[in-house]
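Only one structure is covered here, and it is reproduced in the block below.
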Protein chains: 2
Amino acid sequence: MRKKESTEKIFSASLRVFATYGYKKTTVEDIARELNMTKGNLYLYVKDKEDLYRKTVEFALLRWQDYVRGAIEDKADPRDKFLIMCHKAVEYLSIDDDFRSILIHDPEIFPMFTDNDPYEKINNNSVNMIKKILKDGIAKGVFRPVGITAMSKAIFSIYKMFIIRMYIRSEESHVRSMFEQTLDLITNGLFKQ
Amino acid sequence: MRKKESTEKIFSASLRVFATYGYKKTTVEDIARELNMTKGNLYLYVKDKEDLYRKTVEFALLRWQDYVRGAIEDKADPRDKFLIMCHKAVEYLSIDDDFRSILIHDPEIFPMFTDNDPYEKINNNSVNMIKKILKDGIAKGVFRPVGITAMSKAIFSIYKMFIIRMYIRSEESHVRSMFEQTLDLITNGLFKQ
DNA sequence: TGAATATTTAAACAAATTATTCATTTATTT
DNA sequence: AAATAAATGAATAATTTGTTTAAATATTCA
C-alpha cells in the first residue's frame, strides 16, 4: 500500500469507525483493525488521535462538498445552481450514514463563525461556492445586488443549521417542511420579481 | 429511590446503555450517568460489571417473555396459542430496539443448549411455555403425541435461531419468508390432518 | 421526635486499557 | 543490491475504568 493511495482508505475507514462509536469510545486500535494494519503504522500518517479525527472530519466534509459541487457544475442558471445546491447539501445526509452519524456525535463540526474554527478552511470551500453563485447571479441580473460575502456566510449558516437540526431530530418532519419554507423565503427574497 | 422500586429503573437504563455501546465499550459510569447516580451506588445493587450485565440480560429476556405470554394467555385453541407465540416472539424485536441491539451485540444470549448456559433458568421459561402448549394440544387431540420435552427444546432452538439470523442480517427479506415457511412446516407436521 | 436503617456520595486505589514511541523487519523502488 | 518507504510488534507512558470505603444524607417507624 503506497502512501499516496492509502490516505483515502485510511480516512474512510476511520470515518466509519468514528461514526459508529464517537470520538471518545473509538480506540486507535479499532481503526487499525478496520484497516488490517497495526496502530504503529497509523502513526505514520497522523500525529495523534486528535489529528486523526480532525483529518477524518476534513475528509468527510470534502466528500460532502464534492457531492454538492458535482451536482451543480453543469447547471447554467444561477437560480438552478442555488436551489440545487441547497437541496443536495441536505439530501446528502440520506446517502452517507457515516457523515450523518458524525454530525450527530459532534455538533462542533459545523461551528458558527467563531474565532477559532478548526474546519474554517474547509467550510470556506462551501462559502466560496455560494459566493460564486451569488456573484454570477448578480452579474447575469437574476439576483438582487446583495453583499456577497456576508450573504454567503448567512446562507451557509442557515443550511448548516438545518442539516444538524434535521438529523438530530429526524423524527420531526416539520423540520423538513421548515427547511422548504425557509428556502422559499431566501429565494423569493433573492430573486428579482 | 427505595431499593425495591428502583431495580426496574436500573436494569432498563442499563439495557439501554449496553444496547447502545455493547459490553466492552460501556463503562459503569455511563450507566450511572444515565441513572443520575454515582458508580458507587450502583454497586449496592450488583456485585460487579459482569453481574450488572447478566442481570440486565435477564431483565431483557423476561420482558420479552412477558410480551409473548401476554399475547397468548387468553387464547383457547392450542393451535392458535402455538402460532401466535411463534409470531409474537419474533415480532417483539420490531418494538424493542434495545432488546434487538443486545442480541446483535451478544449472540451468546441465546446459546444452544450447552453444558453451562448462564441464562438457562430464564430460557427454560420459554421452553416450559412451549411444553404447556404442546401438552394441552395433545390432550385436546389437536396435536400429534410428540415427545414434549425434546420437541419443546427443538422448537425453541428453531425460533431463537431465526430471531438472531433475522436481525443480524435484517436486510435479507428471504430470512423472513424462510421463517414463515419453517413455521408452516412445523405446524403442518404437528397438526392432525 | 430521634434512633435505627437504608441510600447516596465522593474520593481513593489498583488494575486494565489506551495512546504513543521506536528499534527492527519487510516490502518496494531505483 | 543499495536505498527508500512501509509496516510491525513490543515496550512505555498516560489515562481510564472497575471497585472499595468512609462519611454524608435521607427515610422509616417506635
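Numbered from 1 within each chain, the chains take letters A, B, ... in sequence-line order. Since this is a predicted model, take the numbers as computed values, not measurements. Just the heavy atoms: all of them, side chains too, but no hydrogens, waters or symmetry mates, feed the values below.
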**Prompt:** Can you check the B/Asp30 CG to D/dG18 C1' distance for me, whole Å?
**Reply:** 13 Å

**Request:** Return the value, rounded to whole Å, for the distance between atom CG of A/Leu44 and atom P of C/dT25.
**Result:** 17 Å

**Request:** Grab the NZ-P distance between A/Lys49 and C/dT18 for me, whole Å please.
**Result:** 9 Å

**Prompt:** For B/Tyr45 and C/dT9, what is the distance between atoms OH and P respectively, to the nearest whole Å?
**Reply:** 10 Å

**Fill in**
A/Asp48 has its side chain closest, among C/dT20, C/dT9, D/dT19, to C/dT20

**Pair A/Arg63 + A/Asp66, salt bridge at N-O below 4.0 Å** = no

**Asked** Rounded to the nearest Å, what distance is computed from the CG atom of residue A/Leu35 to the C1' atom of nucleotide D/dT8?
**Response** 15 Å

**Asked** Short question: side chain of A/Glu58, backbone of A/Lys121 - any donor-acceptor pair under 3.5 Å?
**Response** no

**Request:** Return the nearest nucleotide to the side chain of B/Met37; candidates are C/dT9, D/dG18, C/dT20.
**Result:** C/dT9

**Request:** May I have the distance from B/Arg33 (atom CZ) to D/dG18 (atom P), rounded to whole angstrom?
**Result:** 11 Å

**Request:** Would you name the heavy atoms of A/Arg79 and A/Phe143 that are closest together and state the gap between them?
**Result:** CG-CE2, 3.6 Å

**Request:** Record whether the side chain of A/Lys39 comes under 3.5 Å of the base of D/dG9 through a donor-acceptor pair of N or O atoms.
**Result:** no

**Asked** Should A/Lys24 be listed as having a side-chain N or O under 4.0 Å from OP1 or OP2 of D/dT17?
**Response** yes

**Request:** Check whether any side-chain nitrogen or oxygen of B/Tyr43 sits under 4.0 Å from OP1 or OP2 of C/dT9, and answer yes or no.
**Result:** no

**Request:** Find which nucleotide of DNA chain D each of A/Lys25 and A/Asn36 is nearest to by heavy atoms, and output the residue with the more 5' nucleotide.
**Result:** A/Asn36

**Prompt:** Tell me: CD of A/Glu50 to C1' of D/dT15, nearest whole Å?
**Reply:** 15 Å

**Request:** Using atom types as modelled and distance alone, determine if a side-chain donor or acceptor of B/Lys49 lies under 3.5 Å from a backbone N or O of B/Thr26.
**Result:** yes

**Message:** Over all strands shown, is A/Thr27 touching base, sugar-phosphate only, or nothing at heavy-atom distances under 4.0 angstrom?
**Reply:** sugar-phosphate

**Message:** In whole Å, I'd like the distance from the CG atom of A/Asn41 to the C1' atom of C/dT24.
**Reply:** 14 Å

**Request:** Output, in order, the C-alpha distance, side-chain angles, deciding distance and verdict of side chain to side chain donor-acceptor pair (under 3.5 Å) for B/Tyr119 and B/Asn123.
**Result:** CA-CA 6 Å; B/Tyr119 307 110; B/Asn123 280 334; over 6 Å; no

